[in-house]
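See structure below.
Chain letters run A, B, ... following the sequence lines, proteins first and then strands; every chain starts at 1.
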2 protein chains.
Amino acid sequence: MVTSSMILWGRLVSTRYIILGLLAQQPMSGYDIKSLFKDLSWLVDTPSYGSLYPTLHALLAEDLVSVSIGPGQGKPTRKLYAITVAGQTALQSWFRESATAGLSIRGFARRLVVASSLSGDDLKDHLMQRRSQVVGYLTRPKDTDGRRKGGSDQQLVHDYGTFIAKAELAWLDEQLSKLLS
Amino acid sequence: MVTSSMILWGRLVSTRYIILGLLAQQPMSGYDIKSLFKDLSWLVDTPSYGSLYPTLHALLAEDLVSVSIGPGQGKPTRKLYAITVAGQTALQSWFRESATAGLSIRGFARRLVVASSLSGDDLKDHLMQRRSQVVGYLTRPKDTDGRRKGGSDQQLVHDYGTFIAKAELAWLDEQLSKLLS
DNA sequence: CCACACATGTAATAGGTTACATGATTAT
DNA sequence: ATAATCATGTAACCTATTACATGTGTGG
């Protein structure tokens with residue numbers, strides 16, 4: 001039975017793929033993944049164990065990852081998850097299909113984690129695509145609407161957004177020049 | 001009957017309060033709110049109509065907002081929502097209680113929208129609190145763990161995070177010096 | 001007359017969090 | 001001993017998205 005949700009499975013479903021992206025860099029336990037996310041919490045939301053472990057189980061059931069009982073020398077026994085070949089394929093497909101995804105800083109960071117574990121070309125594409133989105137954002141037309149948006153409306157947040165976007169543009173250019181040299 | 005979810009009602013529940021924050025700046029329709037969110041999509045997630053309208057209905061049922069049938073000269077009739085006194089109180093309470101909330105750029109932006117509609121002191125507190133969080137992030141100890149994190153692990157994303165954090169710090173200092181002068 | 005922006009809404013469902021439950025090992 | 005960190009998991013519940021449904025007004 002194919003439900004509509006299964007059609008969506010290959011699309012966004014954020015957490016699945018960022019977890020897969022982390023596992024693509026090296027085998028880890030659920031606990032490790034959680035800690036890594038904590039390091040990234042500045043940019044990406046940290047999933048709770050309540051979604052982390054079930055996701056890992058689902059990925060396992062689909063053969064996108066494999067498990068082995070970790071050595072746990074000293075510390076309690078742990079399950080080491082590793083990405084499979086099928087997992088790598090799925091990850092790459094998702095990354096390429098989700099290329100047109102939105103403009104949020106969070107979405108970019110999420111995909112950046114995944115991109116780091118893929119080919120240099122995928123990374124370069126991601127950065128270049130992002131660059132044009134950021135430029136688009138910075139050159140967006142100022143709205144002078146009659147109804148709402150009375151001039152100073154949301155000024156502060158927009159100012160913040162513009163400032164961050166400019167910084168990001170600088171970062172992107174720096175990274176891209178490194179990649180192209 | 002008091003359920004545990006009701007206790008949480010005054011806490012995070014993101015969208016409720018950012019909507020309330022937007023309405024605190026001026027009365028708007030659901031459609032207006034959606035457009036405003038689109039402008040902010042760089043920093044904050046845009047809720048879908050499927051959550052926007054029900055949220056508006058809930059806020060209305062709790063007397064945190066009021067409605068009036070908009071003029072709609074030319075365009076189709078619209079419902080103008082406005083924040084009530086109770087709504088303003090609830091907004092301020094939420095803002096102050098959620099002060100210790102996490103460190104994500106998205107969480108900050110969300111609260112920034114709300115802060116813009118509150119007193120200058122609330123805004124100043126928010127910026128100062130954020131400043132110390134950002135400084136904490138930038139001065140966080142580099143981990144040299146044996147098990148995972150093999151040196152260059154997640155390098156790129158961390159680099160990105162650091163770059164953005166530095167930019168944010170500069171912005172915060174700029175804003176704070178404006179507020180204090 | 002048709003596409004597009006304006007405008008509001010609901011039902012099914014996916015996705016996530018909270019709170020709970022359990023246990024090993026190390027440092028104080 | 002006992003607190004803290006390491007480690008895994010589940011059930012109930014909340015929240016949000018997706019997809020659908022409907023209708024007005026404007027411009028080409």
Query raised in the report: Is the phosphate of dG15(C), meaning OP1 or OP2, less than 4.0 Å from a side-chain N or O of Ser48(A)?
Result: no

Query raised in the report: Whole Å only: how far is the CG atom of Leu59(B) from the P atom of dT15(D)?
Result: 12 Å

Report summary line: Atom CG of Leu36(B) and atom C1' of dA7(C) are separated, to the nearest Å, by 16 Å

Query raised in the report: Which residues satisfy the side-chain hydrogen bond (donor to acceptor under 3.5 Å, both in side chains) test with Tyr137(A), sequence neighbours excluded?
Result: none

Check: protein-nucleotides 8-10 of chain D nitrogen or oxygen pairs below 3.5 Å:
unit_1 : atom_1 : unit_2   : atom_2 : d
dT8(D) : OP1    : Lys79(A) : N      : 2.9
dT8(D) : OP2    : Tyr31(A) : N      : 2.9
dT8(D) : OP2    : Tyr53(A) : OH     : 2.9
dT8(D) : O5'    : Tyr53(A) : OH     : 3.4
dG9(D) : OP1    : Lys79(A) : NZ     : 2.2

Requested in this report: Apply side chain to side chain contact (heavy atoms under 4.5 Å, CB included) to Asp63(B) and list each qualifying residue two or more places apart in sequence or on a separate chain.
Outcome: none

Report task. For Thr55(A), answer base if it contacts any base atom (sugar-phosphate contacts may also be present), sugar-phosphate if it contacts only those atoms, and nothing otherwise; contact means non-hydrogen atoms under 4.0 Å. Result -> nothing

Query raised in the report: Under a 4.0 Å N-O cut-off, is there an ion pair linking Glu168(A) with Arg131(A)?
Result: no

Query - All side chain to side chain contact (heavy atoms under 4.5 Å, CB included) counterparts of Lys166(A), not counting sequence neighbours - result: Leu138(A), Thr162(A)

Report summary line: Whole-Å distance, Leu52(B) CG to dC6(C) C1', equals 14 Å

Query raised in the report: Just how far, in rounded Å, is P of dT18(D) from CG of Asp45(B)?
Result: 11 Å

**Report entry** Five-pair end axes of the helix from dC1(C)-dG28(D) to dT28(C)-dA1(D) and the angle they enclose, rounded to 10°
**Finding:** 30°

**Report entry** Distance test, side-chain N/O of Ser35(B) to OP1/OP2 of dA5(C), below 4.0 Å
**Finding:** no

Query - Whole angstrom value for the distance that separates P of dA16(D) from OH of Tyr17(B) - result: 12 Å

Query - Options dT18(C), dG23(D), dG15(C), nucleotide nearest the side-chain atoms of Thr15(A) - result: dG15(C)

Report task. State yes or no: are the ring centers of Phe108(A) and Tyr160(B) separated by less than 6.0 Å? Result -> yes

Requested in this report: Side-chain contact test, heavy atoms from C-beta onward, threshold under 4.5 Å: evaluate it for Gln175(A) versus Asp159(B) and give yes or no.
Outcome: yes

Query - Ion pair check, Asp125(B) and Arg96(B), cut-off under 4.0 Å - result: no

**Report entry** Arg111(B) NZ/CZ over Phe95(B) ring centroid, <6.0 Å and within 45° of normal
**Finding:** yes

Report summary line: Residue set satisfying side chain to side chain contact (heavy atoms under 4.5 Å, CB included) with Leu64(A), at least two apart, ordered chain then number -> Arg16(A), Leu20(A), Leu59(A), Glu62(A), Ala86(A), Ala90(A)

